[in-house]
Each structure stands twice: as C-alpha cells, then as structure tokens.
Undergrad: 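So that we are looking at the same thing, I have put the structure below in structure tokens.
Below, chains carry the letters A, B, ... as their sequence lines are ordered, and counting in each starts from 1.
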There are 2 protein chains.
Amino acid sequence: MPTKPEKKRRPATLADVAQMAGVSIATASKALNGRSQVKAETRARVFAAAEQLKFSPNAMAQNLISGRSGTIGLVTHDLEGRFSIPTLMGAEDAAGNGRTSVLLCDARGDALREKYHVQTLLGRRIDGLIVVGARPDPRPSLGPLPVPVVYAYAPSENPHDTSIVTDNRLGGRQAAEHMLACGRRRIALITGDSDYGAAHDRVDGAREVLDAAGAEIVQGDALYGAWSEEWGRTAAGLVVAQHPDIDGIICGSDQIARGVLDTLRETGRKVPDDVAVTGHDNWEILALNARPQLTSIDMRLEELGRQAAALLFDAIGGRADEGVHVVAPRLIPRASTGPRVA
Amino acid sequence: MPTKPEKKRRPATLADVAQMAGVSIATASKALNGRSQVKAETRARVFAAAEQLKFSPNAMAQNLISGRSGTIGLVTHDLEGRFSIPTLMGAEDAAGNGRTSVLLCDARGDALREKYHVQTLLGRRIDGLIVVGARPDPRPSLGPLPVPVVYAYAPSENPHDTSIVTDNRLGGRQAAEHMLACGRRRIALITGDSDYGAAHDRVDGAREVLDAAGAEIVQGDALYGAWSEEWGRTAAGLVVAQHPDIDGIICGSDQIARGVLDTLRETGRKVPDDVAVTGHDNWEILALNARPQLTSIDMRLEELGRQAAALLFDAIGGRADEGVHVVAPRLIPRASTGPRVA
DNA sequence: TTGTAAGCGTTATCAC
DNA sequence: GTGATAACGCTTACAA
C-alpha cells in the first residue's frame with residue numbers, strides 16, 4: 001500500500017541521542033565511534049537511541065573538525081561523450097569503494113566554466129580533483145592548486161602535473177601486430193581527423209611494426225579524414241579501387257571501421273577471408289553489431305579512471321607521482337580478423 | 001615555463017583575512033558578504049586581504065550553520081548506458097546554474113548498493129535526491145526519506161512519490177502520425193524486448209493512430225525481439241518477404257532501424273521511396289551515420305533531467321509536486337522518411 | 001561602523 | 001567510565 005513520503009523533519013543530532021540515552025554528548029560520541037572507554041551496557045543504550053532516532057552523524061560537522069571533506073571533485077569536459085564516461089565510472093568506482101564521494105561538474109570544454117567549477121569545488125574543500133578531458137590531446141594546466149590534481153584522458157601540458165592517458169601508439173602497434181599474425185602484408189591505414197594527436201600516434205605505432213616486418217602500407221601513409229562511417233565508406237572505396245590486392249585495413253575508430261566493412265561487403269570482398277579489418281575504441285554498440293563483429297582496440301578507459309583515482313589518493317596521502325602515466329590498451333579479437341583464406 | 005604544483009598549505013581562514021586587514025572576524029565576514037554596515041574603505045581593505053590570501057570561504061562551516069549542504073545527490077543505475085547520461089547532464093546543468101553541486105553515485109542496478117549510497121548521501125546532508133533509472137519501467141520506491149526525492153527516467157512504483165519520465169506512448173503516436181503524413185498506409189512495427197514496458201507503450205501509441213486512420217498494421221501486431229541491429233535485419237527480412245507491398249516500418253530503437261535499413265538496401269528497396277523508416281531514441285551516432293540518415297524520435301532526455309532537477313528544487317522549496325510527470329518527445333525528421341515515390 | 005559572543009554538530013582533551 | 005569544555009570556520013544577533 002503506497003504511502004505518502006514523510007514530512008521533512010530536522011534530522012536527529014548527537015545531542016538528541018545522548019538525551020534519549022541519558023548520557024552526555026561526549027559519551028554518546030564515544031559509544032557510537034567504538035571508543036573503548038564505554039561500558040557495554042551504556043553503549044547498547046546509546047545505540048538503541050541512535051537506531052530509534054535514525055541518527056546519522058552530520059558529515060559537515062565531522063568534516064569541519066577533520067579538515068577534510070571526504071570528497072573529490074570530478075570535472076569532465078564531455079559528459080555527453082563516449083570517452084569521458086567510462087573514465088568517470090572508473091573514478092567513481094575507485095572512490096566509492098573507499099569512503100569518499102564524488103562531486104561531479106561538467107565544464108563542456110569551456111575553460112571559464114572549468115575555472116568557475118574548480119573554484120566552487122575548492123570552496124567545498126575537496127580533498128583532490130580529477131579533470132577528465134574530452135580528447136586525448138594535451139590541455140593547459142590548471143596551475144598550482146591547494147589540492148592534488150590528476151588529469152585523465154587528456155594530459156596536462158605541464159609535465160610536473162600528474163596525468164594519466166591511454167597509450168595510443170601501443171594501440172596502433174597492437175593492431176598492426178595482429179594483422180601480421182593473421183598473415184596480412186598489404187595494409188591500409190584509415191583514420192580520422194588529422195588534428196587529433198591520437199590519430200597520428202596510432203598511425204605511428206602501426207607503422208613502426210609494419211615497417212619492421214617489411215609489410216606494405218598501401219598509399220605509403222595513412223588516410224586522414226573524419227571520425228565517421230561516411231569517411232570509412234569513402235576511404236575504403238578509394239583504397240580498394242587503387243589497391244585491389246589489399247588484405248588488411250587498420251581503422252582509427254570503430255565508426256570508421258563500420259563504414260569500411262560496409263564498402264567491403266558492397267564491393268564483394270569477404271571479411272576476413274579477403275580483407276581483415278580492425279577498429280579502435282571497442283565501442284560495443286558498433287563493434288558487436290557489425291557484420292562480421294569487429295576486432296577492436298579497447299582503451300580500458302574504466303581502468304584509466306580507476307588508476308586516475310588511485311593516483312589521486314596517493315597524492316592526497318602525500319605520495320604524489322608526477323608525470324604522464326599510461327594505460328596499455330588491449331586488442332579484442334572478433335570475427336573481422338583471422339587467417340587469410342585464399 | 002612549467003612549474004611544479006605548489007606545496008599543499010592550510011587554506012586561509014576568515015580569521016587570517018581579518019587579521020591581515022586589521023579588523024575583527026565579524027567585520028571581515030560582513031564586508032565579504034556585502035552587508036551594508038561596513039565603511040567602504042574597510043571593505044576594500046578586507047577584500048584586498050582576502051584576495052592576497054586567496055581566501056575562499058569554507059563551505060562546510062557555512063553549511064553547518066545554514067543547515068543545508070547546497071548539494072544534491074544523484075544516484076544513477078547505468079552510468080555506462082545511453083539513457084541515464086543525458087538525464088544526468090540535464091540535472092547537473094540545472095543544479096550548476098544555481099549554487100548547488102551534484103554528488104554522483106553509481107548504483108549499477110543493485111538495490112543494496114543503492115541503499116548504501118543513499119545512506120552515505122544522507123549523512124552528507126544532501127538537500128535532495130534524484131534517482132536515475134536504467135530503463136523506463138517502474139521501480140520500487142525508496143520509501144520515506146528525510147529529503148525530497150525525484151525519480152527520473154524510471155518512475156517510482158509509489159504514485160505519491162515524484163517521478164518524471166518520457167512519454168513513450170506519445171513517441172509512438174508521433175512516429176505513426178509522421179508515417180501517415182508521408183502517405184504510408186501499410187506499416188510494420190518492429191521493436192525490442194517484450195519485457196520492456198516502453199516497447200509496448202510505443203506500440204500502443206502507434207496503433208492508436210494507425211487504427212484511427214484505418215491504416216494497416218502488417219502482421220496485425222508488432223514484432224518483438226531484441227534491441228539490436230541483428231534483430232532489425234532479421235525482422236525486416238521476415239516482413240518484406242511476407243508483405244512485399246509494405247511502405248513503412250516504425251522501429252522501436254535506432255539500433256533496430258539500422259538493421260532494418262541494411263536489409264531493405266540489400267533486398268533492393270529504396271528508402272524512403274519504397275519504404276519509409278523511423279527509429280526511436282535519436283542516438284546520433286547511429287541516426288546520422290545511417291544510409292539514409294534516420295528519422296527518429298528524440299526523447300529529450302536532457303530536458304527530462306533538467307525538469308527532474310527543477311521538480312527537486314521545487315520540492316526542496318516546499319512546493320512538492322507528486323505524481324508521474326512526463327516529458328513530450330519530438331520527432332526529428334531526416335532522409336529515411338518522406339513522401340512516397342511510386 | 002565595528003567588535004563581542006553565541007552557536008551550528010561533531011570530536012578530542014581533559015578532569016572527575 | 002563518564003562528562004564538561006574547547007575547538008573546527010563561519011554567520012549573526014547584540015553591544016559598544
């Protein structure tokens with residue numbers, strides 16, 4: 001039987017509990033906090049009273065004394081986006097397991113809004129701050145703050161800050177090594193916006209591996225375009241027309257890979273029999289629904305967020321670890337890659 | 001020139017400011033808070049001191065006095081997911097514009113974890129709580145809490161709670177009306193998991209409109225399956241085979257619509273010339289990359305989040321508005337629908 | 001116009 | 001074992 005939510009009432013204070021238990025405030029506090037200088041029977045009375053009054057200690061008062069808020073700030077720059085969310089999740093996870101809560105702010109890529117939020121958070125006496133970027137390129141430092149800061153996903157430009165990012169070059173290497181392991185030798189690189197450092201890093205990683213193995217990069221270089229299916233379709237059309245003997249395509253994102261797969265299917269190539277395809281990001285909604293399912297590089301963003309939080313807690317504990325840390329991605333093999341079938 | 005982040009130091013207190021300005025704490029407080037009983041010159045001195053010491057008032061102390069934390073809790077059940085994020089964004093937006101901050105917790109669909117987080121948040125003396133569900137079906141109420149609660153996206157089972165949800169039935173109506181406006185008369189409904197109330201609501205809305213117009217629903221009923229492209233492809237194959245004269249397909253999600261579009265293209269149907277297709281959710285990554293771009297129902301989740309926050313602030317202000325509120329979705333027309341071309 | 005002092009809800013340090 | 005009492009940093013009557 002549904003009941004109306006109860007009227008708001010002033011939450012019980014320690015004084016209320018003490019009075020009901022017939023002890024002093026000090027004793028009540030000791031009893032509830034497990035201090036050992038309390039008679040068992042007294043303790044029981046206090047607990048009973050607390051229970052009955054649904055007493056929950058006022059964290060604001062506790063924090064005022066301890067000087068710490070038990071809270072960390074999390075400023076994100078693209079709450080909408082694909083990349084900041086898992087990072088945020090990981091951080092929330094790592095924090096929630098301890099006894100710290102997360103104050104979330106969305107700055108939407110706006111430096112002014114960011115400044116404002118940071119100011120507010122500092123007023124709330126956060127114990128530390130994580131700044132999650134929207135894209136992996138370096139960003140300006142917030143400068144010296146009274147609390148530790150960790151930059152996640154997008155590193156700070158200042159090498160003395162603590163940052164943690166995904167290893168894009170390694171991601172590129174992993175894709176290329178997988179292609180070689182599948183016996184591919186004539187490989188195209190199709191990636192997104194050339195403005196993104198990440199696009200170049202991934203290409204560089206792949207190139208290192210392919211060059212070392214003496215495999216061919218068709219066109220001699222990667223094709224830069226946009227992070228879209230449309231570009232994937234277009235680029236794949238170009239590549240296939242000019243290099244009919246191509247046997248592998250490494251894509252800079254899963255979206256691009258989806259477009260590439262469409263074009264390959266529609267031009268009569270079999271994946272992976274004729275051409276193997278890898279994506280990047282392991283965005284499951286795209287990768288798992290692809291035909292065939294898409295092999296992709298997973299950046300382990302959630303792990304990145306967790307480590308960001310861990311670095312922050314270390315720094316709060318006085319063991320700051322400055323510099324840029326990296327999280328190794330991993331390749332998730334699926335049906336879009338495999339041995340050649342001549 | 002990069003510099004090391006400054007050493008942590010005890011933040012300046014009002015007492016520090018007062019001392020530096022050569023006034024009492026009370027005067028410093030009044031000066032900074034714009035109280036009118038302070039000589040202009042004194043105020044200036046205080047401000048100068050505050051500036052120099054980078055003073056920022058300790059929110060914990062202020063809140064302890066005011067009895068409010070200036071903070072709301074936001075418990076989400078699917079930080080990973082597509083639906084809770086925009087809702088969360090809207091709420092964060094609405095809160096951030098005022099002077100309240102958001103404490104974020106992810107409960108991951110686990111009632112126990114939820115309970116735990118709510119308890120923590122209550123200890124922090126949040127002024128109110130928003131609970132964001134993972135799917136639109138009703139969920140158990142948290143029961144009476146000492147602060148107002150708003151359930152967003154997933155309504156509470158208790159009609160005396162305050163909930164806000166998207167209007168799925170209206171979404172179905174909008175899709176159907178659009179089909180009729182495009183001159184379509186033989187329409188298939190392909191949707192997802194039959195366990196979801198939302199799937200049925202959308203179908204019911206569409207059926208109302210189609211029946212009233214005397215249009216045909218092929219197969220007599222919707223085809224329920226999964227929220228996946230795969231199911232969209234399969235279902236479209238069935239429908240097209242059995243009803244070659246079909247001229248419209250209303251899909252329960254954009255993913256399904258993507259699959260439907262693929263099958264239509266591959267069986268030689270032109271979209272929208274032969275068959276018009278609508279999706280649901282307006283998930284841009286899918287809708288904008290579709291061929292052709294997908295007409296879809298946008299649930300305006302960000303608006304939903306904003307309104308959730310607004311309802312919460314109303315309730316905090318004593319003007320609770322219990323019951324289930326709805327946000328009207330809207331149809332975003334794109335190239336996958338249009339007039340028939342015989 | 002400024003300063004003194006009480007108090008917000010805790011915890012910690014003492015005496016008793 | 002227990003209970004005054006002083007903090008924590010701030011706001012706000014109330015006095016001066």
Undergrad: For Lys39(B) and dG3(C), give me the distance from atom NZ to atom C1', rounded to whole Å.
TA: 14 Å

Undergrad: Of the listed nucleotides (dG9(C), dC10(D), dA4(D)), which one gets closest to any side-chain atom of Leu64(A)?
TA: dG9(C)

Undergrad: Tell me yes or no: between the side chains of Arg124(B) and Thr71(B), is some donor less than 3.5 Å from an acceptor?
TA: no

Undergrad: Counting only N and O atoms by type, is there a donor-acceptor contact under 3.5 Å from the side chain of Ser84(A) to the main-chain atoms of His77(A)?
TA: no

Undergrad: Over how many whole Å does the gap from Asn58(A) atom CG to dC8(D) atom C1' extend?
TA: 13 Å

Undergrad: Could you state the CD-P distance from Glu41(A) to dG1(D), rounded to the nearest angstrom?
TA: 12 Å

Undergrad: Return the value, rounded to whole Å, for the distance between atom CZ of Arg68(A) and atom P of dG9(D).
TA: 15 Å

Undergrad: Could you state the atom-to-atom distance from CG of Asn63(B) to P of dT10(C) in whole Å?
TA: 15 Å

Undergrad: For the backbone of Ala95(A) and the side chain of Thr100(A), can you confirm whether one donor and one acceptor N or O come within less than 3.5 Å of each other?
TA: yes

Undergrad: Polar pairs (N or O, both sides) under 3.5 Å between protein and nucleotides 11-14 of chain D?
TA:
| residue | atom | partner | partner atom | Å |
| --- | --- | --- | --- | --- |
| dT11(D) | OP1 | Asn33(B) | ND2 | 3.4 |
| dT11(D) | OP1 | Gln62(B) | NE2 | 2.8 |
| dT11(D) | OP2 | Ser29(B) | OG | 3.0 |
| dT12(D) | OP2 | Arg35(B) | NH2 | 2.9 |

Undergrad: Given that Ala61(B) and Gly22(B) both sit by DNA chain C, which one's nearest nucleotide is further toward the 5' end?
TA: Gly22(B)

Undergrad: With a 4.0 Å limit, can you tell me whether Ser66(A) has a side-chain N or O closer than that to the phosphate oxygens OP1/OP2 of dC8(D)?
TA: no

Undergrad: Taking only residues two or more places apart in sequence, or in another chain, which ones meet Arg43(B) in a side chain to side chain donor-acceptor pair (under 3.5 Å)?
TA: none

Undergrad: Measuring from the side chain of Val38(A) (C-beta onward, heavy atoms only), which nucleotide among dT2(C), dG9(D), dT2(D) has the closest atom?
TA: dT2(D)

Undergrad: Rounded to the Å, how far apart are Leu122(B) CG and dG9(C) P?
TA: 16 Å

Undergrad: Please report the shortest heavy-atom distance between Arg68(A) and Ile316(A), naming the atom on each side.
TA: NH2-CG2, 3.1 Å

Undergrad: Side chain of Arg300(A), backbone of Ala328(A): donor and acceptor closer than 3.5 Å?
TA: yes

Undergrad: Round to a whole Å and report the spacing from CZ of Phe55(A) to P of dG9(C).
TA: 10 Å

Undergrad: Considering only heavy atoms from C-beta outward, does the side chain of Cys105(A) approach that of Glu92(B) to under 4.5 Å?
TA: yes

Undergrad: For the pair made of CZ in Arg125(B) and C1' in dT10(C), what is the distance, rounded to whole Å?
TA: 11 Å

